[in-house]
Amino acid sequence: MQHVSNSRRSLLKFLGLTGSAVALGGPTFAAKHFSFGKPSVTGHGILDDAPYKLPDLPYAFNALEPHIDAQTMQIHHDKHHAKYVSNLNDALAKEPSLKDKKLEELLTNVKGLPDTVRTAIRNNGGGHYNHTFFWMILSPEKQEPTGKLADAIKRDFGTTDDFKKQFSEAATKVFGSGWAWLVKNGDKLSIVTTPNQDNPIMDVSENKGTPVLGVDVWEHAYYLKYKNVRADYLGAFWNVVNWKKVGEFYEA
Ligand code: MN
């Protein structure tokens, strides 16, 4: 029981939920869908157990308007993310030996997965991890980096605007579908990109690190509103970044 209690407490802290959520006693959206372990060198303990479930968004579909439109958010979450989750569960159902593995264990050991499910877990486990992470680092509230994170950005990139420019350029240049990430290795920050649903915690990724910020540049993330102009979507993205959460990931 103590273990469960500690896990739940760290989960609530991780999500930035206040004491009032605990006092109410009812399960939060996150408590229903995730259990969080200690942050590891490779990830944040986004470690829900199979069978995996689609987490609720921590805000309404229209909360990020006008920067990201409600229809895009709804389709992105209810259709795309949901499909990654169901495909991941389908793959795991074929390999009982994997049923007790945490998501991060699977993704940090793609090379060691059985041939029968390796690609499905890489793509759909990655999709589940990446989208769960992405929803967390978005917020309806306009914010800017502060504290240790702001200091690290200044140290590694120059001004916050310099960083945003470099990150947006990297994200714009991703050919086809993929992601751009701000990752930490130790306390050092760097900008990396990954194709498809790969991410920097994967052993198969050329660019490794612990994600602290990420942006989905698949067309499904922006096409309804921004059509083919990915750069406009990336410009709008900065209005909805949850820098408080990014700072927590950096300091974790
Ligand atoms: Mn997506």
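Atoms within each ligand, like the ligands themselves, are counted from 1 in listed order. Predicted model, so just to flag it, every value in this text is computed and none were measured.
Listed by chain and number, the residues in a ring-ring contact (aromatic ring centres under 6.0 Å, His included) with Tyr84 are His131 (sequence neighbours excluded).
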Step by step, would you call Arg122 with Asp198 a side-chain contact (heavy atoms from CB on, under 4.5 Å)?
CA-CA 7 Å; Arg122 178 178 182 168; Asp198 284 2; 2.7 Å; yes
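Under the 30°/60° scheme for interplanar angles, the aromatic rings of Tyr129 and Phe133 are found to lie parallel.
Partner of His220 under the ring-ring contact (aromatic ring centres under 6.0 Å, His included) criterion, out of His77, His81, His76: His76 alone.
In this structure, the ring of Tyr223 has its center no less than 6.0 angstrom from the ring center of Trp218.
Residues Trp238 and Phe249 share a hydrophobic cluster, clusters being chains of Ile/Leu/Val/Met/Phe/Trp/Tyr side chains in contact below 4.5 Å.
Near the Mn ion (ligand 1), less than 2.8 Å away, sit the protein N, O or S atoms His76 NE2, His131 NE2, Asp216 OD2, His220 NE2.
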